Amino acid sequence: MTSSSPLDLREFPDLPGPSAAVLIERFGAVDRFLRLAEPHVAEEELAPARALVNRAGARLRLSGEHTVVALAGATGTGKSALFNALTGIELSPVGPLRPTTGDVYACVWGLTGAAGLLDWLGVPADRRFARERVRYSDEHAALHGLVLLDLPDVDSVAVGHQVVSDRLISHVDLVVWVLDPQKYADRLVHEAYLARFGNLAGATAVVLNQIDRLTPEDAARCVADVGRLLAADGLADARVVATSAVTGAGLSHLRDLLADAVRSRMAALTRLGAELDEVVTGLGPLVDRELPVEAAGAVPTRELIDTVAAASGVDAVADTAAAEYGRRTVTVPDLAPAPAAVGLAVRRYVETAAAAVPVAWRDAVHAAVPDEPRDLAARLRTALAAAAPGPARRSRWWTLSAIIVLVGLLAAVIGLGWLVGAGIRLTTEDVPWSPPRWSGVPVPVCLLVAGLVVALVPAILRWRVRRSRSARLRTDTATTLRGAVDDVLRPEVVDPVRHILLSYDEARAALSAAR
């Protein structure tokens, strides 16, 4: 499930001032958070935030010129009478039957542009009424832009009425709770509603209606007691007005309260801002860990590659390739990674990554990597076999130097043999030895010395070259084979895990911006 299209400030040109811009940017940040988190976090963790983003987008895209206020309360509190008194028209039925209000009624001061808003609120067409500007009295002129709703009773015996009330209570900009002197401490209203509005004091007002039934002293005591109960509900800052729909007492104060909300055009923003604060706080535990640098970095990845490479015999193959440098054939050990060893290395890597994020993200980290190590081991074996080294290509110098060494050794052997033969003849036949000479030196001696020199110099050079190139070949072979391991593990294990960790980091940044 995805949220609605991202909020864009340019869509809301009629919203008031910088406060709206800040709020919309914050909602945009929450929307980014949801888009980053939704592939990896359970939907029930995100549902409250998603519902608020969708509702905020819908409300803000509708008329910013209107302020929606709902009169809510239990049966018998005089909501409908108060609604009629405020509108100046008998619109909502008043009577002793329970429930009296079965439908939602709306009166709009300035109907132009409010149709879409009323459709979204679900107000039936035959329950919509308007006060036109040309018919305004002074007391109604200040209410231009007000949408006043009379809701069904929250304690209605008809379940459908409660559903309608609950939905509208969550959608309107300002809720005016209507209480009466007899039931102002009603447990249902306080526990099921008011106590849940603790963070929405700015979007809540309370009317103690029917004060015409009380003496002024009793009315003052009741108002004070209502304030005490509201403080216990977490609504100490909620405004309280005492009214009588019968005598008109307090109605001017209530109209002033509504006029202030209409004039500032901030009621919707105030409520949405308060709800956004609550949602952001609720999302906080989903990203409350700062991701260690190494969690998404190279260190655990190198450990994974090194562990799997060791389990696959990469070092043994590199050693063999180095030891057999210069040979026409190379005996390559079997590159067969054990599934158990591969599975253990992958599990350790995944566990390290999962431990870095809060619980809500861990299932996604585990689910990102296949559970069956045999398939992974088979792919590793295929990749390693393809990357295994063949005989190192010998240069012409290497062949020529070998020939020179053999020629020098042959000359040395001939010279040595000549000298040994001459010595035997001297001891057995007592014949003078007069070998041919070269520059005064007997040729056999020249052959022996020159042959040893000719053989030794390239042999030393070959030894040094072989040592250097063997070391480089070992490094190159190990690097190539580790690259083959990396080519298999990166798309199968590393990248899926890192994608989740990077999404987590970005979601954390988005939620920080939403604060």
Side-chain angles (χ1 to χ4, degrees), residues 3-4 6-9 11-12 15-38 41 43-62 64 67-70 72 166-177 190-206 230-239 260-261 264-290 358 360 504 506-515:
S3 59
S4 62
L7 299 179
D8 186 338
L9 183 60
E11 297 180 67
F12 315 111
L15 291 178
S19 298
V22 171
L23 181 66
I24 291 169
E25 288 175 0
R26 291 180 63 205
F27 268 108
V30 173
D31 187 75
R32 289 196 301 277
F33 174 90
L34 293 173
R35 292 172 189 275
L36 289 164
E38 65 185 1
V41 177
E43 177 59 27
E44 56 265 25
E45 302 278 6
L46 307 177
R50 191 186 309 286
L52 178 61
V53 169
N54 290 339
R55 176 159 55 83
R59 174 64 186 95
L60 296 177
R61 287 185 179 95
L62 294 167
T67 299
V68 183
V69 178
D166 289 350
R167 182 180 65 81
L168 288 170
I169 286 170
S170 70
H171 281 50
V172 300
D173 306 329
L174 174 66
V175 181
V176 176
W177 289 95
H190 283 274
E191 292 186 359
Y193 293 97
L194 289 171
R196 291 163 44 199
F197 271 62
N199 64 316
L200 297 176
T204 305
V206 176
L230 291 176
D233 293 330
L235 291 168
D237 295 331
R239 293 150 292 182
D260 288 342
S264 69
R265 296 169 56 203
M266 292 293 294
L269 302 182
T270 299
R271 171 158 191 174
L272 291 174
E275 290 184 285
L276 182 60
D277 290 341
E278 184 177 22
V279 158
V280 169
T281 300
L283 292 175
L286 299 182
V287 287
D288 62 354
R289 292 190 179 190
E290 184 175 357
Y504 172 84
E506 293 176 19
R508 179 180 169 84
L511 194 64
S512 178
R515 294 190 175 97

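Position 1 is the first residue of the sequence, and the numbers go up from there. Since we're looking at a predicted model, the values are computed, not measured.
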task = Return the set of residues passing ring-ring contact (aromatic ring centres under 6.0 Å, His included) with F33 (not counting sequence neighbours), or none when no residue passes.
result = none
query = Who passes ring-ring contact (aromatic ring centres under 6.0 Å, His included) against H190, sequence neighbours left out?
reply = none
Measuring from atom [atom1] of [X] to atom [atom2] of [Y], what distance do you get when rounded to the nearest 0.5 angstrom?
X: R55; Y: L60; atom1: CZ; atom2: CG; answer: 10.5 Å
X: I169; Y: L200; atom1: CD1; atom2: CG; answer: 11.5 Å
X: T270; Y: L174; atom1: OG1; atom2: CG; answer: 9.0 Å
X: D260; Y: M266; atom1: CG; atom2: CE; answer: 13.5 Å
X: E45; Y: L34; atom1: CD; atom2: CG; answer: 12.0 Å
X: L511; Y: D288; atom1: CG; atom2: CG; answer: 10.5 Å

Which residues pass the side chain to side chain contact (heavy atoms under 4.5 Å, CB included) test with [X], sequence neighbours left out?
X: E506; value: L36
X: L276; value: L23, R26, F27, V30, L52, V280
X: R289; value: P358, R362, Y504

Compare every heavy atom of [Y] with every heavy atom of [X], then report the nearest pair and how far apart it is.
X: A514; Y: A29; answer: N-CB, 3.7 Å
X: A513; Y: R32; answer: CB-NH2, 4.2 Å
X: L286; Y: A360; answer: CD2-CB, 3.5 Å
X: R50; Y: E38; answer: NH1-OE1, 3.2 Å
X: G282; Y: P285; answer: O-CD, 3.3 Å

key: Parallel, tilted or perpendicular: ring planes of Y193 versus W177, cut at 30 and 60 degrees   = tilted
ask   = Is V175 close to R271 at the side-chain level, that is, under 4.5 Å between some pair of heavy atoms?
value = yes
request  = Kindly indicate whether the side chain of L272, heavy atoms from C-beta on, has any atom under 4.5 Å from the side chain of E275.
outcome  = yes
For R59, all residues meeting salt bridge (charged side-chain N to carboxylate O under 4.0 Å, His left out), sequence neighbours excluded = D173
query = If only atom types and distance count, is the side chain of T281 paired as donor or acceptor with the main-chain N or O of D277 below 3.5 Å?
reply = yes
